[in-house]
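Beneath this line is the structure, given in structure tokens, with notes to follow.
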Amino acid sequence: MTPSLPTLPLSQLGGPGKGQFKYDFIIVGGGTAGCVLASRLSLLPGSPTVLLLERGGSDRGWMSSTPLMSTSWQMDEKKCSSIPTVPQQGLDGRVCDMLGGKILGGASTFNSSLYTRGLPSEFNIWASQFDLPSWSFSKLLPYFISSQNHRPNSSPIADLLPPSNTASAYTGADGPWATTNPSVFTYPSSKHFVVARAGFGEGLKIGLGALVHKLDLDHDGTCKGVWFSEDGKPESTLLHASCCQETILTSGTVFSTQLLLLSGIGPKAELEELHITCLVDLPDVGRGLADHLSVYLPYTVPITDSLDRLENSPLHAIKQIASFALFRTGDFTFQGSQTAIMISSTHIPEILSEHSPYSKERPLWTSSLAEEEVPNLEILPLPFRFHSSMDDGKPDGKTPDLRKGKYNKSVGYLSPISILVRPKSTGTIKLKSKDPREIPACDPGFLTDPADLPVLIQGLRLAAKVVDGMIAGGYDVKPIEKNNPFAFGKECSDDELKAYVKKWAVPAYHMSSTLRMSGQENDGVVDGCLRVKGCKGLRVADASVFPTILAVHTQAPVVVVAEKCATMIGEEWSKASH
Ligand SMILES: Cc1cc2nc3c(=O)[nH]c(=O)nc-3n(C[C@H](O)[C@H](O)[C@H](O)COP(=O)(O)OP(=O)(O)OC[C@H]3O[C@@H](n4cnc5c(N)ncnc54)[C@H](O)[C@@H]3O)c2cc1C
């Protein structure tokens, strides 16, 4: 039987004064990384006491375990934080929405569940450029393997994959994260990691609806605990929880950064402007915000080939619900996309000029790819309407809401998305005020580096070429005339495509690198053990510590950061207790 979660009312987890409630470890943010850590730390020998504080609630019901349905939570503000960017100069001043989790399990409860790790050479660049030898790919591979539960399957797409993709030297079969080759049902959320898979120890206590306001820091930078209150109730009492060993921030890139700044850890001048006493002057806090930027091309396809059919045909929807409920098959197992092209833009001109299928093999799975060979583009063919405005031509940079906007119900949609996965543009996170409820000013600096726009343009050209191949093969796919720059078979100039990108590009929700890890002195925010520099008893373990953004979807690497953090803490805990 699945154990129930060890949640308690907040008044039983913290008190108005210091020292009433003590824990060995406090974890701030019960999202993707936080749940992994809570599970691992509470299972350490000697059953340490672990407090996990999560701002959101916990989902009950079937939606989170139905892949296609859980992605709809991306539009639910109770479960998902919508984080507006500052106006993006690179996108003609548009404000975009970035998303983060606000629920136990975090973004893993509603993301698209694409499992990607990052290429060996990317981690090896981390290791060599930032003096982080224990973060090389060979050092991280055991964590990827031990966290993974790979279940190969047969499907039209899976059968095309070369056997090396499932080689046992790289894949795990016994871990808590279920992954498959494409098109099979998985049960991927981090909350389920705690509840049903890795389990938890008796010392774990979880506080839901708990907004952590700031860390309780001594003047020498020692973290003594946290201050928190009930979220959404400004009048509720501020509670304190003390920590005897360590506090670990896993609040996601934006909110872990905000918490350090609110606690007086960050660039001194910036903090003083807001009358926050700077306890640890760390200039790199909030610098280096990076996210992937994506732009799609709209096409129509036969309704029978698109997920749009679920909305347009009640009979089809009922059949699919039955198929999922009875056999765990059908459209509801779908999680976003079943295949992707990862490519370096340096190869695209050659591909575009070729008339025969491109057949050169390039071994990406080597430990030291030349910089220009590391893929900087991903093409994801999504078999549904991606943007509410796809037909009516009004981009707003907001989270795509598939329920809104005009569209033609007699056809299906295909939306190949080009994603810039190695952006050179980066930006900042800065506080707007001392209020922990106010979302900080997030500026990912989209397209501020002139190298980025030409790469995305190459991505659009490649995506259009792939679709051209489908048309040439006799498939009924048509560009939507109003918005697709490749409509009417016309040649598109780079200027037209630049304007298109600026008008339509949206974030891919893979924010990272604002609390960069670095083994070098006077660089970055956390060291190779994820400890905040200049502080004691304080670590960060989420995507904010990535030294550079990885060219992949970020969940698996975030899980590995949390796993490695738990191992490092566990080793110290074991030494101390013997
Ligand atoms: C819509 C979407 C789709 C995605 N699709 C994929 C995909 O298909 N594959 C993939 O690999 N990656 C995907 N990602 C990215 C991936 O999900 C994230 O990188 C990863 O889940 C981030 O984990 P995290 O632990 O850093 O943050 P989160 O999972 O967001 O967790 C942070 C948690 O901290 C809590 N918190 C924040 N502030 C406080 C506070 N002050 N007090 C208490 N709690 C707080 C939040 O409520 C939240 O639950 C997607 C992301 C999104 C948003």
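We count ligands from 1, going down the list as the structure has it; atoms in each ligand are counted the same way.
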Interfacing atoms of ligand 1 (cut-off 4.0 Å, heavy-atom, [X]):
X    : answer
A107 : 17 (O), 21 (O), 28 (P), 29 (O), 30 (O)
G29  : 34 (O), 35 (C), 44 (N)
T554 : 10 (C), 11 (O), 12 (N), 15 (C), 16 (C), 18 (C), 19 (O)
A33  : 25 (O)
G252 : 26 (O), 27 (O), 32 (C)
A210 : 42 (N), 43 (C)

Can you tell which part of [X] has a heavy atom less than 4.0 Å from ligand 1: side chain, backbone, both or neither?
X    : value
T116 : neither
H510 : side chain
L53  : backbone
V558 : side chain
T250 : backbone

Compute the shortest N/O to N/O distance between [X] and ligand 1 and return yes if it is under 3.5 Å, no if not.
X    : value
D542 : no
G105 : no
Q555 : yes
I103 : yes
V212 : yes
G101 : yes
E54  : yes
Y509 : no

Using side-chain heavy atoms (C-beta onward) and a distance below 4.5 Å, is [X] in contact with [Y]?
X    : Y    : value
P16  : L238 : no
L382 : I417 : yes
K18  : H240 : yes

Enclosure of Q12 CD (heavy-atom neighbours >12, cutoff 6.0 Å):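 Above 12, so yes.
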
If you count heavy atoms of other groups shown closer than 6.0 angstrom to NZ of K224, is the number above 12?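 At most 12 heavy atoms, drawn from other residues, nucleotides or ligands, come within 6.0 Å of this atom.
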
Return the residue, atom name and 0.1 Å-rounded distance of the protein heavy atom closest to [atom].
atom                    : value
atom 9 (N) of ligand 1  : L114 O, 2.8 Å
atom 38 (N) of ligand 1 : F255 CB, 3.3 Å
atom 37 (C) of ligand 1 : S251 O, 3.4 Å

Heavy atoms only: which of N111, I83, D97 is nearest to atom 5 (N) of ligand 1?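 Answer by nearest heavy atom: N111.
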
Between D308 (side chain) and F384 (backbone), is there a donor-acceptor pair under 3.5 Å?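 It does not hold such a pair.
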
N-O pairing of K79 and D76 below 4.0 Å: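 The answer is yes: the pair qualifies as a salt bridge.
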
Could you note down all residue pairs passing salt bridge (Lys or Arg N to Asp or Glu O under 4.0 Å) where residues 241-265 supplies at least one of them, sequence neighbours left out?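 Salt bridge (Lys or Arg N to Asp or Glu O under 4.0 Å) check on residues 241-265 returns E246-R539.
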
Can the positive tip of R117 be found less than 6.0 Å from the middle of the six-membered ring of Y115, inside 45° of the ring normal?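 Output no; distance or angle outside limits.
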
Side chain to side chain contact (heavy atoms under 4.5 Å, CB included) evaluation trace for L104 with C35: CA-CA 8 Å; L104 196 66; C35 286; 4.1 Å; yes

